[in-house]
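Structure first, then comments.
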Amino acid sequence: MSPSRPPHQRMDQVRELIREKGLSRLDLELLDEMIRLGGGDLMPLLDPAQAEGATPLDSQPLMQLRRAFGLFLSFLNQFSDKRLGEARPAMGLVLQHSLGHLGQLAQTAHHALLSHHQEPEWVVQLLDLIASLRTMSSSIGSSGEACSSELWVAFLHESRDLFRNIFQVLEADTGGSTLATRINQQVKSLNRALTTRSGRPLESLRKLEALLESALPENTRRLAEPLLLVQYVITSLRITLFRPLDRGIHWPAVEQVRGSLQWLWNHLGWSLPRIEEAILAQKLPEEVRSLLKQLRQDHPPAFKIVARALASHLALLALVEQMEPAANASTQDRYALVPTFYIIETELGRLADRVYHPRVAEHLPKGSEEALLLGAFLRQAVLSLLQDQATIRGMLQPPLVNNDADQLASTLDNLKALLLSHQRVLMADLVGLFSPELRKRLFPASPSLAEEGDRLRQRLFRLWEHLDPTYQQIQVHLELRDMPRLALSLAQAQNRVMAFRRSPEFLLIRSQDRQEFEGLASQLMRSLDAPDEITQALGDAVELVGEILRFLDVFLLRINGRIPLIRLDLTHAQEALRVCNQLLEGVSPGPDRFRATHQLIQIGKSMGVRDPQTVQLLKRWVRAERGGRDVMPSLEAFSSHLKHLSTRLEAAMN
C-alpha cells in the first residue's frame, strides 16, 4: 500500500496475485481503481519515510509487533488526558498494559528472528542479558541510589548460568579468553562500586553492557539491534510512565512516551496500512468483482461510490477480525485491546463523514434510480455508523471506571461481534441495492437490522417474563418480613439483570435507553454489595427492581407499538405496487386509467409520512404525466422502489 514501493516489487506482487488467485488483467485493473478511488480513505494510519536498514517483516511475530505498535501509536496521537474524568485511573492501566504487551511482542519477535536465522543458543542468551542490563541502567542513578547491592546480587544469582555459558563459549573461541577476562573484571568493578558506594555504578554498568555487545558477531548485531532497541525503549518508557508514589501514571510523561515511540517508529521505517492489497483481493470474490465490472461499465458514478465504500468496509473489517478474543486473555492483554477500539471508533466517524456522507451522491444523475437508492442508503448507513461509534464510547466507560477486567472482557467481545455484524450488514445492503440474488449468495447468514431488533425484543421479553412474577414474590416476602427468601429472590433478579447487561443484545439498545438501564442496574448492584444496613438495602433493592420492571414495560410497549405502523405501510406498499404494475402493463386512456392514477396518488401521499423517497418518486411521475412526456421511466423507478420497500417491510414484520 505504500506509494514508495519500487516498480519491480509491484510487478512481482501482480504476478503472485495472478498465479495464486487466478486474477485476470481486468480484475487487477479493478483492484487498482478501487485503491485509487479510496486513496484518501485508505491512506496508512502511520506511513513515515522509509528508513535505511529497516527491519524486514518476514515473520508473523514481526507483523504482529508492527500492527500492535502502530495501533498504540495511532491511539497516542489522538489521546488527551484532559477529558478522561472518572476513567483516568483505568486509562493509566491501559497505557501501562499496552506498553507491557508491546514488550512481550518485541521479545517474541526478537527470538523468532534469531531462530529463523539459526543463531546459536548462547547468542540468544547474550542478547537477553544485554537487554536486562539496558533496562537496569535506565532505572539506576549516577550514584547508584536506585539500585542497591542486594538487588544486583540477586540479579547475578539469577543470571549466573547465563554468565557461565557465555564465559565457556568465549574461552573456547580463539581470542575470546581475553574478552572473558575483561568481562569478569568489569563485573567485579561494578560489584565494588555498588558495595562501597564509591565510584560510578551507572558508568560501570554501561561498560559491562558494551563489553558484552562486543562479544556478538557483527552480522547478528546488525540483525538483532533494531528489535533489541524496541525492547529497551519500551521497557524504559514503562518505567518512566509509572510512578508508585503518585498512585499511578505520571501524566506529563505520556507526551514523552508518544514522542519516543514516534521516533522509534520512524527509525524502524515501518508503516501501518489500513488494508493490504492481498487482503483486498482475497475479500472480493469473483461474483463481487463481476458486479463491480458491470457497474463500472453501466453506471460509472455509482461505481465510484460503491467501490470506495466496499474498500473502506474491508479495511475496517480487517482491523476488527484480527483482534484476539478477550474472554480467555490475560488482564494485560484485555487492557491492551482498548486502544484498538478507540481507533475503530475514530475510523467509524471518518467512514460516516467522508465515505458515506449523503453529499457524495450529488454527482449522480439527478432523478435516476441509482441516485435515489444510494441517497437513501447513505443516510441510513451514516446513522448506523454514528450509533456504533456512540456505542463503543458508552460501553467502554463503565468497565474502565469500575476497574472490572471481567466486564471489560465481555464488553470487548460483544463490541467485536456487533461491529462485525453491522459492517457485514452494510456491505450486504450495499451489494443488494444492485443484485438481491448476489446479496443472498454472498451474505446468507448476515442478519438484517430487523432481525437484530427481533433478537433484542425477545431478550427483553424473557427478562420481563422472569422479573414480573419475581417482583410479586418479592413484595410478598417484604410484607411478611421473610428476609432470607427476600434476599434470595433479589439475588436471582440481580443475576438476570446482570446477564442481560453482559449479553450482545444489550449493545443494540439506543444510547439514551442504554444509559438509563445501566444506571438502574448499577444502583441495584451497589445496594446489594456489602450494605451497612441490610434491611434498608433490601428495601431499596425492591424499589429498584420495580423501576427496572417499569422501564421494561415502557420499552416493550414502544417497540411493539411500531408493528401496526409497519403492517399499515406494508399494505399500502403492496397495493401501490399492484396499481403501478397495472399502469405499466398499459391501461387504455379513459375512466379506468384516471381511477388508477388517482388511487396511486392517494396511496403514495399516505406512505410519504414515513418514506419521503416515495413522495419524490410520486412527484416525478406526476410531473411527467401532466407534462405529456414519456412516463414509463419514472413509473418503472417508482415500481422498483415499491418492490424494495415491500421486501424490507416484510422482513421487519417477520
Side-chain angles (χ1 to χ4, degrees), residues 45 64 67-76 78-79 84-102 104-105 272 315-349 351 384-425 447 452 455-456 459 497-509 511 514-515 517-518 521-522 525:
L45 288 167
Q64 291 178 354
R67 182 175 177 276
F69 195 148
L71 289 175
F72 182 60
L73 183 55
S74 300
F75 165 72
L76 288 181
Q78 64 186 31
F79 174 76
L84 291 178
E86 296 179 352
R88 192 178 182 89
M91 198 54 68
L93 289 176
V94 169
L95 297 176
Q96 290 182 61
H97 287 312
S98 297
L99 286 174
H101 181 66
L102 286 179
Q104 290 182 356
L105 290 178
L272 182 65
L316 195 55
L317 278 175
L319 188 62
V320 178
E321 288 174 344
Q322 294 182 24
M323 289 189 298
E324 297 293 332
N328 300 325
S330 63
T331 302
Q332 174 176 276
D333 293 341
R334 291 174 183 177
Y335 278 94
L337 282 174
V338 173
T340 305
F341 278 92
Y342 280 108
I343 293 295
I344 293 173
E345 179 201 353
T346 305
E347 289 294 294
L348 288 172
L351 193 61
S384 178
L385 292 169
L386 294 180
Q387 183 177 357
D388 287 347
Q389 189 182 24
T391 299
I392 293 177
R393 192 183 306 115
M395 292 302 298
L396 286 179
Q397 193 77 0
L400 290 177
V401 171
N402 299 330
N403 196 14
D404 190 341
D406 293 334
Q407 184 185 356
L408 178 63
S410 63
T411 300
L412 294 178
D413 286 340
N414 289 339
L415 282 174
K416 178 182 177 182
L418 177 76
L419 291 169
L420 288 174
S421 174
H422 283 188
Q423 291 302 305
R424 288 168 181 161
V425 165
E452 286 190 342
R455 276 171 36 210
L456 174 62
R459 192 66 184 252
V497 171
M498 292 300 110
F500 172 70
R501 185 182 174 188
R502 292 188 297 268
S503 67
E505 289 77 18
F506 180 60
L507 277 68
L508 302 176
I509 305 179
S511 57
R514 188 172 61 244
Q515 290 173 4
F517 186 88
E518 182 80 28
S522 300
M525 186 171 60

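All heavy atoms count here, side chains included; hydrogens, waters and symmetry mates do not.
Ser522 is linked by a side-chain hydrogen bond (donor to acceptor under 3.5 Å, both in side chains) to nothing, counting only residues two or more places apart in sequence or in another chain. Asp404 pairs by the side-chain hydrogen bond (donor to acceptor under 3.5 Å, both in side chains) definition with nothing, not counting sequence neighbours. Listed by chain and residue number, Glu518 satisfy the salt bridge (charged side-chain N to carboxylate O under 4.0 Å, His left out) test with Arg501 (two or more places apart in sequence, or in another chain). Taking the salt bridge (charged side-chain N to carboxylate O under 4.0 Å, His left out) definition, one finds that Glu324 meets it with nothing, sequence neighbours left out. Take Phe72 and apply the ring-ring contact (aromatic ring centres under 6.0 Å, His included) test, not counting sequence neighbours, and it matches no residue. Annotation: side-chain hydrogen bond (donor to acceptor under 3.5 Å, both in side chains) contacts of Gln104 (sequence neighbours excluded): Gln332. With sequence neighbours excluded, no residue forms a ring-ring contact (aromatic ring centres under 6.0 Å, His included) with His101. Thr331 is linked by a side-chain hydrogen bond (donor to acceptor under 3.5 Å, both in side chains) to nothing, counting only residues two or more places apart in sequence or in another chain. The side chain to side chain contact (heavy atoms under 4.5 Å, CB included) check on Leu386 picks up Ala352, Val382, Gln389, with sequence neighbours excluded. Residues satisfying the salt bridge (charged side-chain N to carboxylate O under 4.0 Å, His left out) test with Asp406, not counting sequence neighbours, are Arg334. Qualifying side chain to side chain contact (heavy atoms under 4.5 Å, CB included) partners for Leu71, counting only residues two or more places apart in sequence or in other chains: Leu45, Arg67, Leu272, Leu319, Thr340, Ile343.
Shortest non-hydrogen contact noted between Phe341 and Lys416 is CE2-N, 4.1 Å. Across all non-hydrogen atoms, the minimal contact from Ala409 to Ala326 is CB-O, 3.5 Å. Residue Pro325 comes nearest to Ala329 through the heavy atom pair O-CB, 3.8 Å, listed as atom of the first residue, atom of the second, then distance. Taking both residues in full, the closest heavy atoms of Ala499 and Arg459 are given as O-NH2, 3.7 Å, listed atom of the first, atom of the second, then distance. Taking both residues in full, the closest heavy atoms of Pro399 and Thr411 are given as CG-OG1, 4.1 Å, listed atom of the first, atom of the second, then distance.
Side-chain contact between Leu316 and Leu348 is present, with at least one heavy-atom pair separated by less than 4.5 Å. Looking only at side-chain heavy atoms (C-beta outward), Arg514 and Thr391 come within less than 4.5 Å of each other.
Atoms CG and CG, on Asp413 and Leu337 in that order, are 8.5 Å from each other to the nearest 0.5 Å. Taking OG of Ser98 as the reference point, atom CE of Met91 lies at 9.5 Å (rounded to 0.5 Å). With rounding to the nearest 0.5 angstrom, the CG atom of Leu396 is 7.0 Å from the CG atom of Leu408. Atom CZ of Arg424 sits about 6.5 Å away from atom CG of Leu317, to the nearest 0.5 Å. Annotation: the span from Glu321 atom CD to Leu419 atom CG amounts to 11.5 Å, rounded to 0.5 Å. Between the CD1 atom of Ile344 and the CD atom of Gln423 there is a distance of 9.0 Å, given to the nearest 0.5 Å.
With Phe75 as reference, Leu95 is the one residue of Val338, Thr346, Leu95 to meet the side chain to side chain contact (heavy atoms under 4.5 Å, CB included) rule.
Pairs engaging residues 392-417 under the ring-ring contact (aromatic ring centres under 6.0 Å, His included) rule: none recorded [sequence neighbours left out].
Using cut-offs of 30° and 60° for the angle between ring planes, the Phe517 and Phe506 rings count as tilted.
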